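Shown next, in structure tokens, is the structure this report addresses.
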Amino acid sequence: MMDLNRVQIFAQVVEQGSFTGAAKALGITKATVSRKIAELEAGSSYYNRINKILIDLQSAEHQLSAQQQLIKGNLKIVCPIELGQLFLGPIFAQFLTLYPDITIDAELTNRKVDAIEEGIDLLFQIADSSDTRLQSYALVNAHKSLMASPAYLAQHGTPKVPQDLTKHKAIRLQSAHIEGAWKLFDGKSWIIAEPMTQLTVNNVTLAREAAIAGLGITAVPSIIAQTALEKGHLIPLLDDYPMSQTKVVLSYPQRAYLPRKYRVFIEFIYSALFKRWGSQVLEVPDFISQADTSA
């Protein structure tokens with residue numbers, strides 16, 4: 001095993017240019033320096049090799065020290081209103097309890113966001129992100145389907161094919177990320193459904209609640225309407241005609257080094273995702289281990 005004490009003494013001799021300078025820098029006698037150096041094979045090439053070892057050792061020590069420090073800092077997070085209300089709220093609370101030195105500024109909005117220009121750390125979207133300035137991961141499919149309340153269907157009938165929708169009233173969603181038209185696939189081509197629209201909104205929760213109240217048919221992601229569907233407050237329609245789909249996407253600015261506060265938050269998000277959606281999770285960053293994703 002290499003005597004690191006001798007290596008450090010030798011490095012000082014080369015850097016100081018003399019045994020005397022090395023002894024003074026290290027706080028030991030010149031005789032000790034001379035004796036230690038005599039036990040090593042001197043030479044500039046040897047110095048270059050062992051100096052790299054010293055640098056690597058110092059780097060490892062600094063990294064260990066950094067890991068032992070408290071994880072702290074602020075995260076500016078933007079997410080869709082409904083996703084924040086139904087999914088991220090409890091996650092934020094649990095995460096901040098575990099990491100009391102991290103703070104979060106969360107904006108819930110359905111507007112179009114420029115994460116780079118606005119200095120946003122993490123962005124959740126119900127859309128496909130094509131911004132090459134961002135590192136993006138598709139989390140889960142936001143499966144969108146048509147649905148209505150039992151009371152509405154009892155009064156107006158249940159559509160059997162997309163063409164039947166022309167006889168119904170629609171609650172339509174339209175925003176920067178949501179296309180207003182209803183597109184359904186019949187196995188060969190896409191059909192654009194054009195029911196009479198009595199209410200147009202930019203908020204998924206409002207559309208869901210209006211449908212539960214019996215106003216008409218709406219198309220919202222199943223993750224938003226899951227509880228209402230399970231309780232029978234809404235009935236899924238035209239299951240044989242899938243709609244065009246979007247995804248829940250997590251993005252952050254491209255960077256060579258991902259700060260620790262980012263990593264621990266993303267790891268926490270994925271742990272929650274796998275507990276809730278398991279194998280339905282679409283893309284996982286390389287730094288997320290299997291242990292982090294276990295339910």
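The first residue in the sequence is number 1, and the count goes up from there. All figures in this text were calculated on a predicted structure; none of them were measured in a lab.
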Could you tell me whether the side chain of [Y] reaches within less than 4.5 Å of the side chain of [X], counting heavy atoms only?
X: L184; Y: L146; answer: yes
X: Q125; Y: V113; answer: no
X: I102; Y: R260; answer: no
X: F87; Y: V248; answer: no
X: L88; Y: I269; answer: yes
X: I288; Y: I266; answer: yes
X: K167; Y: P159; answer: no

Would you call the rings of [X] and [Y] parallel, tilted or perpendicular, where under 30° means parallel and over 60° means perpendicular?
X: W190; Y: F185; answer: tilted
X: Y137; Y: Y252; answer: tilted
X: H168; Y: Y152; answer: tilted
X: F265; Y: F92; answer: tilted

Are [Y] and [X] co-members of a hydrophobic cluster defined by side-chain heavy atoms under 4.5 Å apart?
X: M147; Y: L206; answer: yes
X: W182; Y: M196; answer: no
X: L123; Y: I81; answer: no

Please round to the nearest 0.5 Å and tell me the distance separating atom CD1 of I171 and atom CD of E209. 10.5 Å
Is there a donor-acceptor contact under 3.5 Å from the side chain of N141 to the main chain of H143? no
Is the side chain of E107 donor-acceptor paired with the backbone N or O of V78 at a distance under 3.5 Å, no angle test? no
Under the salt bridge (Lys or Arg N to Asp or Glu O under 4.0 Å) test, residues paired with D186 that sit two or more places apart: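 D186 satisfies salt bridge (Lys or Arg N to Asp or Glu O under 4.0 Å) with no other residue.
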Hey, can you pull the donor-acceptor pairs under 3.5 Å for the side chains in residues 231-243, sequence neighbours left out?
none

